[in-house]
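Below is one structure, written out as structure tokens; the observations come after it.
The sequence lines fix the lettering, A, B, ..., with proteins before strands; numbering per chain opens at 1. If you're wondering where the values come from, they're calculated on a predicted model, not measured in any experiment.
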Amino acid sequence: MVPPVRAIAAANVNGVRAASVKGMLDWLAATDADVICLQEVRARPDEVPVALRELLDAHGWHLRMAPSETAKGRNGVAVLSRAEPEAVRIGFGDPASDLDGRYLEVDLPGGLTVASLYLPKGVAGTDRQDAKDAFCKTFADHLRTAFDRCAVTGREMVVAGDWNIAPTERDLRNWRNNQRNSGFLPYEREWFAALLAHGWSDVVRDLHPDTDGPYTWWTYRGRAFDNDVGWRIDHVLTTPGVAAAATGAVVQRAASHDARWSDHAPVLVRLGGAG
Amino acid sequence: MIEGRLVGGRYLLLDTLERRGFGPSHRAEDRITGRTVVVTEITLPADDGARERLLAEVRAAGRLRHPGVVGVLDLITDRVADGGMREYLVTEHPETRPLSRVLTDGDPPSPRRAAVIGRDVLAALRAVHAEGRTHGGLDPDCVLLAPDGRGLVTDIGLARAIGRRATGGSPFTPPERTGPDGDTPAADLWSLGAVLHHAAGRQAAPGSPLDQAITGLTAAEPAGRIGPDHAEALLERAARPRPTGGDLGRNRWILLLAAGVLLVAVVGMVLWAVL
């Protein structure tokens with residue numbers, strides 16, 4: 001079944017209040033996505049800028065947010081959808097992470113579940129990496145269960161967001177120098193590969209099998225953006241029905257360093273067969 | 001140190017409790033009755049009607065008598081160290097731990113245990129609803145776990161009374177609660193579903209009674225949610241002890257095989273005797 005959605009986007013906005021005054025509103029006004037998964041929103045619902053609220057109202061978006069309850073002003077994910085969600089779930093039933101603003105799942109009409117994910121960043125050899133590893137362990141259980149559930153119920157599912165893992169050597173420019181760094185650790189890549197082996201599809205890679213990148217994150221430091229020294233860490237993983245319907249994927253890289261409104265660029269996946 | 005203070009000339013504060021609640025909570029001794037109680041310091045919002053609202057909620061909650069509801073005993077205004085006035089809510093002190101703390105400590109309940117808690121909380125909420133009231137702010141901090149496994153509910157009406165109105169985005173705030181007509185029994189049941197999702201959602205097997213209860217309670221549209229009777233039936237099923245070693249359930253096939261062998265032997269002996 002092809003879900004009634006034309007395009008799905010994922011965007012780590014690096015703070016919705018800052019992004020709203022830098023150019024995110026223009027991107028939002030122009031996008032033809034029907035669903036957008038936002039990460040690092042870093043705001044509670046009552047802190048969403050008025051200009052963004054007005055834009056969302058004017059364009060008929062439904063906003064569902066999961067701010068961090070444990071670290072105010074950090075993390076935070078959201079889902080924007082043209083259709084009103086039928087159900088909203090914050091977290092994936094994991095007491096250790098549900099309140100951290102890292103995962104939000106909405107059921108949309110037509111049998112599609114969309115989740116916005118902000119997987120923890122790690123620093124190899126530190127407590128932060130331990131926290132990332134712990135999250136990945138329980139999250140993999142959830143993804144396996146969710147995939148199997150979709151196979152039984154016939155629902156389709158998309159998990160889009162900032163996964164903070166570059167799955168292969170093609171997914172970061174300086175892969176040789178980063179093999180001991182979080183985000184490209186061998187066991188992290190194996191973890192991601194196991195998800196694909198279970199049946200999840202990395203649709204951007206499926207549609208761009210032979211290219212380096214397309215990268216989605218470039219550090220603000222130095223000339224990383226200008227030299228395209230980036231990482232592909234923002235992914236759209238889908239169940240087979242959505243993957244089969246995917247007709248195109250693009251990273252909407254800013255035209256110039258000055259035009260960036262986040263250190264990430266939005267990832268957009270187009271689906272064919274929908275109205 | 002607030003311990004050792006006498007509040008309202010009657011309640012001697014003994015030590016601080018681990019609940020977040022609506023303000024600092026203390027175990028205290030009622031110097032008149034000798035009972036141990038809980039005294040919670042509540043900071044009211046600045047608006048003129050705040051104390052009247054709190055009084056109305058406390059009076060309503062004080063009339064409730066249900067084994068799953070923590071009884072409200074008293075409301076006192078007293079002076080604090082800085083010279084300002086504070087409200088002190090006095091409630092019963094059952095030997096319990098808040099579910100929030102149990103989860104924070106990394107000890108999530110099993111699905112069956114969660115179902116027992118859910119069933120008890122649902123019964124308490126139904127008692128509240130039968131009085132024409134709602135809880136208005138159920139979350140894991142308001143769910144208390146007794147050593148014998150019972151679940152209790154506290155802080156009925158407090159979120160409403162002190163103006164902690166939901167702005168959305170809390171994992172336990174139903175979609176409609178941010179609106180003017182969102183304070184309904186159905187909204188309380190949504191919160192119960194969200195609490196169960198948080199406590200044990202990841203462990204609940206797809207399609208299991210607990211999974212169905214969580215999904216049914218947390219539909220976005222109130223009209224699409226299951227009612228309390230349906231939820232109670234599902235939670236009752238989920239709360240049933242599973243057959244364990246020695247019961248038919250676990251050894252069903254072995255027992256059936258043994259019965260079959262026995263039957264063949266008996267039939268063989270009968271035939272041998274007859275022929």
Using salt bridge (Lys or Arg N to Asp or Glu O under 4.0 Å) as the criterion, list what pairs up with B/Arg240, not counting sequence neighbours.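 Counting only residues at least two positions away or on another chain, B/Arg240 forms no salt bridge (Lys or Arg N to Asp or Glu O under 4.0 Å).
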Side chain / backbone / both / neither for A/Thr153 at chain B, heavy atoms under 4.5 Å: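 For A/Thr153, no heavy atom lies under 4.5 Å from chain B.
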Mind listing the side-chain donor-acceptor pairs of residues 89-100 of chain A below 3.5 Å, one per line with the distance, residues two or more places apart or on another chain?
unit_1: A/Arg89; atom_1: NE; unit_2: A/Glu105; atom_2: OE1; d: 2.7
unit_1: A/Arg89; atom_1: NH1; unit_2: A/Asp107; atom_2: OD2; d: 3.0
unit_1: A/Arg89; atom_1: NH2; unit_2: A/Glu105; atom_2: OE1; d: 2.8
unit_1: A/Arg89; atom_1: NH2; unit_2: A/Asp107; atom_2: OD1; d: 2.8
unit_1: A/Arg89; atom_1: NH2; unit_2: A/Asp107; atom_2: OD2; d: 3.4
unit_1: A/Asp94; atom_1: OD2; unit_2: A/Ser97; atom_2: OG; d: 2.8
unit_1: A/Asp98; atom_1: OD1; unit_2: A/Phe92; atom_2: N; d: 3.0
unit_1: A/Asp98; atom_1: OD1; unit_2: A/Gly93; atom_2: N; d: 3.3
unit_1: A/Asp98; atom_1: OD1; unit_2: A/Asp94; atom_2: N; d: 3.0
unit_1: A/Asp98; atom_1: OD2; unit_2: A/Gly93; atom_2: N; d: 3.4
unit_1: A/Asp98; atom_1: OD2; unit_2: A/Asp94; atom_2: N; d: 3.0
unit_1: A/Asp98; atom_1: OD2; unit_2: B/His198; atom_2: ND1; d: 2.9
unit_1: A/Asp100; atom_1: OD1; unit_2: A/Thr70; atom_2: OG1; d: 2.6

Looking only at heavy atoms and a cut-off of under 4.5 Å, which of B/Ile214, B/Thr218, B/Val102, B/Asp211 has the most pairs with chain A?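 Most heavy-atom pairs within the cutoff with chain A belong to B/Asp211.
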Go through the atoms of B/Ala219 and report whether side chain, backbone, both or neither lie under 4.5 Å from a heavy atom of chain A.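 Both backbone and side chain.
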Heavy atoms from other residues, nucleotides or ligands near CZ of B/Arg126 exceed 12 (cutoff 6.0 Å):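 Correct, the count exceeds 12.
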Atom CD in A/Glu69, atom CG in B/Asp139: separation rounded to 0.5 Å?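 Going from CD on A/Glu69 over to CG on B/Asp139, the span is 9.0 Å.
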